[in-house]
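These numbers come from the heavy atoms of this one structure, side chains and all, not from hydrogens, waters or symmetry mates.
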Amino acid sequence: MGAPAIELKNICKTFGSITANKNVSLTVNNGEILSLLGENGSGKTTLMNMISGIYFPDAGHIFIDGKEVVIRSPKDAFDHKIGMIHQHFKLVDIFSAAENIVLGLKEKGKFDIKDIEKKVADISAKYGFDIDPSKKIYEMSVSEKQTVEIIKVLYRGANILILDEPTAVLTPQETEKLFAVLKKMKEDGKAIVIITHKLHEVLAISDKVSVLRKGEYIGTVMTSETDESQLTEMMVGKKISLNINREEPEGAQDRLEVKGIDYESIDGVKILDDVSFTARSGEILGIAGISGSGQKELLESIAGLRKLDGGEIIYHNPKTGTSDNLRDRTPTQIKELGVRLSFVPEDRLGMGLVGNMDIIDNMMLRSYKKGKTAFVERKQPRDLAEKIISDLEVVTPSANTPVRRLSGGNIQKVLVGREIAAAPTVLMVAYPVRGLDINSSYLIYKLLNEQKANGVSVIFVGEDLDVLVELCDRIVVLSSGRVTGIVDARNTTKEEIGLLMTGTKGGSSDE
Amino acid sequence: MNEKEKKTREPLFHIAKRPAIEWWKAWLIRGGAIIASLIVCAFIIVILTKQNPLEVYAAMVKGSFGTPRKFWAMLQNLAILLCISLAVTPAFKMKFWNLGAEGQVLFGGLCSMVLMFTVGDKIPNWMLIASMLAASVLGGILWGLFPAVLKAKWGTNESLFTLMMNYIAIQLVAFAIMVWVPSGSSVMGLVNSTTKAGWLPDLFGQKYLINILIVAVLTVVMFIYLKYSKHGYEISVVGESENTARYIGINVKKVIVRTMILSGALCGLAGFLLVSGTNHTISKELAGGNGFTAIMVSWLAKFNPLIMVLTSFLIAFLQKGAGEIATNFKLNTSIADILTGIIIFFIIGCEFFINYQIKSTKSKEGK
């Protein structure tokens with residue numbers, strides 16, 4: 001059937017010292033759907049951004065219909081009939097669907113919105129979209145907005161469509177509708193690439209699957225000739241030994257019981273769905289899952305930052321022997337109950353620390369209320385800051401330096417140092433080593449292990465499966481807000497977790 | 001191929017932000033900006049008015065410092081401007097855009113005037129002044145609290161609400177003058193000019209000294225409040241990141257309301273000082289735009305009350321001096337505004353050069 005719609009050969013892209021793509025090659029034919037599969041940070045979006053003109057490759061070649069092309073801007077991409085639907089929509093809220101669709105187009109002749117709306121309606125009818133062209137964006141649901149984005153690229157005559165995690169924000173019914181539309185487009189001869197990490201969707205919709213892992217191209221398989229376990233193995237790779245120290249938990253007692261909690265976003269999407277697990281003292285409980293499976297909401301619910309729609313969070317106080325329900329309590333109320341809960345959030349500078357304040361003032365965040373006077377006391381925070389700087393080898397000009405001026409690893413040391421200094425009984429950490437170099441990462445593992453040895457119940461949300469399997473004692477796996485399994489980290493494999501993460505293996509397993 | 005991709009590339013967006021700059025360099029840049037602005041102004045003066053720019057500048061200085069009377073008047077202007085700047089500062093530090101200082105001052109002043117006008121001769125003077133002070137502060141609080149509560153409760157836009165409250169205050173004052181002045185004139189004369197009831201007394205023979213001292217004390221107190229108190233710390237955290245504030249258990253709504261009470265109270269105080277200490281009458285122009293100028297003073301000083309003494313001095317001096325040259329050289333008053341605008345533009349603009357470096361981009365990006 002002639003030359004492929006798009007062909008990539010040996011594409012490379014680096015950002016500073018980080019390699020985002022290394023020698024990636026793939027081919028998509030007309031009338032074909034290709035899934036681009038990979039974990040978070042495996043370089044899928046970077047690759048597609050190079051096709052749609054947002055980034056420019058360092059090396060490699062791009063061929064469209066057999067001819068080599070250079071794509072320097074999104075406009076070049078449009079000229080080659082490439083359209084990308086981004087994960088975060090780029091629409092003007094107060095405009096109607098039709099107005100958004102033609103926005104930026106320089107068509108000759110009179111601007112006739114009726115005519116445009118008719119054309120939009122024609123496209124909708126052709127592929128089976130369900131959309132009112134005169135509806136304003138701010139009145140639309142997420143799935144409608146996505147439809148507008150897709151029609152936008154079709155209106156511009158796109159022949160190659162790239163969808164970046166299109167199902168991440170959709171309900172199962174909406175996903176089905178989207179897939180039906182995609183199939184129609186495929187029959188119409190369009191070449192389609194979907195970026196995803198949901199295995200069952202890959203199997204349901206695509207003709208071929210290309211897998212990336214840590215920026216490297218692993219291979220392409222025909223969907224009809226593969227299965228979940230092969231894809232998982234390609235995605236997560238062979239086990240790498242990291243030699244992280246792990247002691248047996250001692251005298252583990254139930255510390256924090258999460259019982260059937262539910263949480264819905266304002267759009268009515270279920271973020272947490274009947275999540276239950278127990279965190280014990282003296283152990284590290286891992287939480288694994290594709291990003292956006294509800295990890296953030298789970299931790300924030302425990303910390304008292306979100307109002308739950310159902311369930312209970314029971315804290316067993318080791319000092320008093322009492323059990324308290326933490327649900328619907330504010331962080332201050334939780335503290336007043338005598339619960340020593342520390343939390344290292346994912347968003348370090350946006351939540352855990354204040355970037356414009358110096359290290360000393362950031363130390364005070366947790367303790368500034370201490371003392372009876374109306375004035376803050378900076379002596380203890382200063383001592384604590386000095387201690388953390390020397391103990392954790394924070395590289396900083398002084399304790400008076402605003403934390404935003406520090407490097408990522410040092411920012412994290414300041415945050416983790418402060419949270420540990422509060423002598424917690426429960427320590428929650430979210431992606432604590434993201435963006436950190438090897439040495440800083442190992443320092444964080446060491447600190448977590450020390451806390452474990454002190455009898456702290458550590459809850460560790462991670463993304464690197466190798467780390468989770470070697471560091472944790474047990475691992476809770478989340479998939480789309482549900483617990484798909486709780487596994488013993490000593491007797492599990494990355495493949496098992498990978499399968500649970502992608503949500504195809506239901507129910508709970510051993511405990 | 002493998003080796004080739006290792007050639008390093010500049011990141012896509014390269015912002016040449018300066019690391020911390022030495023304080024003397026920063027002040028050198030600021031000084032340079034003022035000199036540059038004066039040079040530009042000189043050209044404007046020569047082109048538009050054909051006057052000798054040096055004479056014009058000299059007249060500006062003379063206009064502000066020339067006689068003791070002018071000097072004290074300038075200090076009084078400075079004190080009021082500084083007082084309102086101090087008032088808006090906690091709110092701005094919290095990123096609560098209080099554009100309603102004008103109205104809060106005006107309403108506070110109106111509350112004072114009501115008492116001064118109605119019970120002026122019926123109660124002892126100290127009691128009158130004390131109750132005027134209390135009424136002004138409460139009035140300012142009321143005007144500031146209303147938008148704050150709405151924002152805390154329903155997330156309304158505080159800029160719009162505070163701004164609109166200004167017009168309500170202006171119309172209330174217009175209404176009050178209409179009722180109080182029987183002749184139907186829109187100008188109210190001095191109130192209690194014979195008994196001086198409700199007038200702040202002279203101190204050491206200086207009419208404005210009490211105003212100035214009160215604001216001086218306030219400046220120090222506000223500096224300490226923002227820098228060393230728990231409230232001040234909470235204001236900083238809420239202003240920097242509401243998420244962090246929630247994370248550590250700060251009740252963000254409470255902080256917003258509390259801070260606006262403070263902000264409104266100080267605006268009300270400024271209204272009291274204007275009515276009782278300076279004007280002894282009221283008009284729609286009581287605040288004279290200082291409610292907006294104060295925002296500039298506060299920002300220029302980066303919300304530091306001590307530096308605000310300098311910035312408010314600068315602006316008060318420019319206003320006074322510019323007015324002076326307009327009358328001295330028989331110029332249109334607009335020229336004074338043009339000069340003030342140019343000077344302030346340079347002063348604000350130079351902050352960019354303190355924070356950023358101009359670096360020549362040597363390698364062109366592949367895009």
Review point. Is there side-chain contact between B:Y233 and A:M357, with heavy atoms separated by less than 4.5 Å?
Key: yes

Check your understanding: Quick one: what part of A:A374 sits under 4.5 Å from any heavy atom of chain B, side chain, backbone, both or neither?
Key -> backbone

Practice item. Might you confirm whether atom CD of A:E346 has over 12 heavy atoms from other residues, nucleotides or ligands at distances under 6.0 Å? Key: yes

Exercise for review: Count the heavy atoms of every other residue, nucleotide or ligand shown that sit under 6.0 Å from CD of A:Q333, and state whether that count exceeds 12.
Suggested key: yes

Study note, to complete from the structure: Output for pair (B:S241 OG, A:D347 CG), nearest 0.5 Å, gives 7.5 Å

Review point. With side chains defined as the heavy atoms from C-beta onward, is the minimum distance between A:F375 and B:K230 less than 4.5 Å?
Key: no

Practice item. Kindly give the heavy-atom pair with the smallest separation between B:E240 and A:N356, and that separation in Å. Key: OE1-ND2, 3.0 Å

Review point. A:T330, A:D361, A:T401, A:V376: which one forms the most heavy-atom pairs within less than 4.5 Å of chain B?
Key: A:V376

Review point. Heavy-atom distance under 4.5 Å to chain B: side chain of A:K369, backbone, both or neither?
Key: both

Practice item. Name the option with the most non-hydrogen atom pairs under 4.5 Å to chain B; the candidates are A:T373, A:L365, A:V354. Key: A:L365

Review point. How would you list, in number order, the residues of residues 244-253 of chain B that have a heavy atom less than 4.5 Å from chain A?
Key: B:T244, B:R246, B:Y247, B:I248, B:G249, B:I250

Revision key, fill the gap. Most contact-rich option vs chain B, by heavy-atom pairs under 4.5 angstrom, among A:L349, A:I334, A:T332, A:L305, is A:L305

Exercise for review: Report, as yes or no, whether the 6.0 Å neighbourhood of atom CZ on B:F292 holds more than 12 heavy atoms from other residues, nucleotides or ligands.
Suggested key: yes

Practice item. Report, as yes or no, whether the 6.0 Å neighbourhood of atom CZ on A:F63 holds more than 12 heavy atoms from other residues, nucleotides or ligands. Key: yes

**Study point:** Under 4.5 Å from any heavy atom of chain B - which part of A:L353
**Key:** backbone

Practice item. Give a yes or no on whether A:K296 atom NZ has more than 12 heavy-atom contacts from other residues, nucleotides or ligands under 6.0 Å away. Key: no

